[in-house]
Amino acid sequence: MTFAQILAPDFDLEKTLDSGQVFHWQKIGKAFWGTIGQLPLSVEQQANALKIHSAAMELDRLKRSSSEGARNVKARRELEEVVAHYFSLDHPLAEICAAFPRDPAMTGARNFCRGLRIIRQPHWECLATFITSSMKQVAHIRHISLTLRKRYGESKQTLGHQVFTFPSAERIAELTEQDLRACALGYRAKNLRATARLVAGGEANLEAWSTLPNDALRSQLCDLPGVGPKVANCVMLFAYERLRAFPIDVWIERVLRQQYFPRKRKVTAQQLRDFCDRYFGDHGGYAQQYLFHHARKGARQKARKPGQVVSPGDLRYDSPVKRSTPLPRNERRKETKP
DNA sequence: CTCCAGGGATGAT
DNA sequence: ATCATCCATGGA
């Protein structure tokens, strides 16, 4: 067992893990249990520090250290590096937030999401998870992710807790569509299997794509079965560190129309994309994540019974451009393709 | 461009 | 207990 503690100023672990960018972390008590790649661990935030527990690091170079003391030091340092990198503690968050556009929606989101960071997820794990996410709500995506891990990932024991790694593309490629349907994937089973086979067979080299420019990367991702512009942008943002990528789902689309195009009836999806690219610029991905999380968790909502789920139609804002009445259902516009 | 299948959790009745 | 709602992609 290895214990480490790192300083994490300007970071909110719970907001980061509960903002719809990653789906497998389980909160037990005050700590979050999960994996970073193959590494099982727990992370707990105490003020400006992260307390980290992990099983022995399975790193070859640790074995070269002569003494047990030296091995422990190396293991701890490695663990700290892995965690700091995963949670993007090096992102200049204050600068990023300071560069957000000055408008009521952004200001509200920025205040609400203090400490929320875009994390760096493994390419395949992120891609596969977002393929399963299409047409699903966050609770469903979590369920699918955990089922895939339990059935086909590797079990790892840490301090009496059991966590599971995400199954490799090779592992998923050898499953049948029925196997995957049994994990509640529905029609996404065919897409996940097909993409897993492309990745496992080397036709889609996710690691090599890291060096591609944004447009080329998006185009490669969109060629994969089950990946459209929204999923591609999620993978670019959450796995490829493309902080301009701006995924537009129904929540964000509603925020954009209400906040930036109030009472304007005909705004096409293409116009929305062009607006986001120009208006939010280099840190569009962060802006999107903040608007999304604020809309889902923080915006003033209709009175509702405890436990009732918030839906995009329930959004209201305390901003000068808020609507006095909800948009009627038949006024909603579906996002259309380019 | 428009229309619609698709699956399963969850809320409404 | 049923019935409606939420949703991204892909194909007609």
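In what follows, chains are A, B, ... by sequence order, proteins preceding strands, each numbered from 1.
When the P atom of C/dC6 is taken as reference, atom OH of A/Tyr187 falls 15 Å away, rounded to whole Å. In this entry the distance linking NE2 of A/His143 with P of C/dC6 reads 22 Å, nearest Å. Residue A/Ile144 contributes atom CD1, which lies 12 Å from atom C1' of C/dC7 at whole-angstrom precision. Atom P of nucleotide B/dG7 and atom NZ of A/Lys136 are separated by 10 Å, given to the nearest angstrom. Rounded to whole Å, atom P of C/dT9 lies 15 Å from atom CG of A/Leu192. Here the P atom of nucleotide B/dA5 and the CG atom of A/Asn191 are 18 Å apart, to the nearest Å. Note: CZ (A/Arg142) to P (C/dC7) measures 17 Å, nearest angstrom. The separation between A/Lys190 atom NZ and B/dG7 atom C1' is 15 Å, rounded to whole Å.
In this model, a donor atom of one side chain and an acceptor atom of the other lie less than 3.5 Å apart for A/Thr35 and A/Arg149.
Residues A/Lys136 and A/Ile144 form a side-chain contact, since some pair of their non-hydrogen atoms from C-beta on lies under 4.5 Å apart.
Nucleic acid contact for A/Arg188: base, since at least one base atom lies under 4.0 Å from a heavy atom of the residue. Nucleic acid contact for A/Leu224: sugar-phosphate only, since backbone atoms but no base atoms lie under 4.0 Å from a heavy atom of the residue.
In this pair, A/Phe280 and A/Phe275 present their aromatic rings perpendicular. The plane angle is above 60°, beyond the 30 to 60° band.
By the neighbour-count criterion of 12 heavy atoms within 6.0 Å, atom NZ of A/Lys15 is densely surrounded, having more than that number from other residues, nucleotides or ligands.
Which of B/dT10, C/dT9, B/dG7 sits closest to the side chain of A/Ser134 comes down to C/dT9. Distances from the side chain of A/Met135 to the nucleotides C/dT9, B/dG7, C/dC6 place B/dG7 closest. Picking from B/dG8, B/dG7, C/dT9 the nucleotide with the shortest atom distance to the side chain of A/His140 gives B/dG8.
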Report summary line: Base-pair string, DNA chain C, Watson-Crick plus G-U, cut-off 3.5 Å on both distances, | for inter-strand, is |||||||.||||
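A search for ring pair (Phe, Tyr, Trp, His ring centres under 6.0 Å) contacts involving A/Phe32 returns nothing, not counting sequence neighbours. Scored by the ring pair (Phe, Tyr, Trp, His ring centres under 6.0 Å) test, A/His85 finds no partners at all (sequence neighbours excluded).
Ion pairing between A/Asp90 and A/Arg120 holds under the 4.0 Å rule for side-chain N and carboxylate O.
For A/Trp251 and C/dC7, the shortest distance from a side-chain N or O to OP1 or OP2 is below 4.0 Å.
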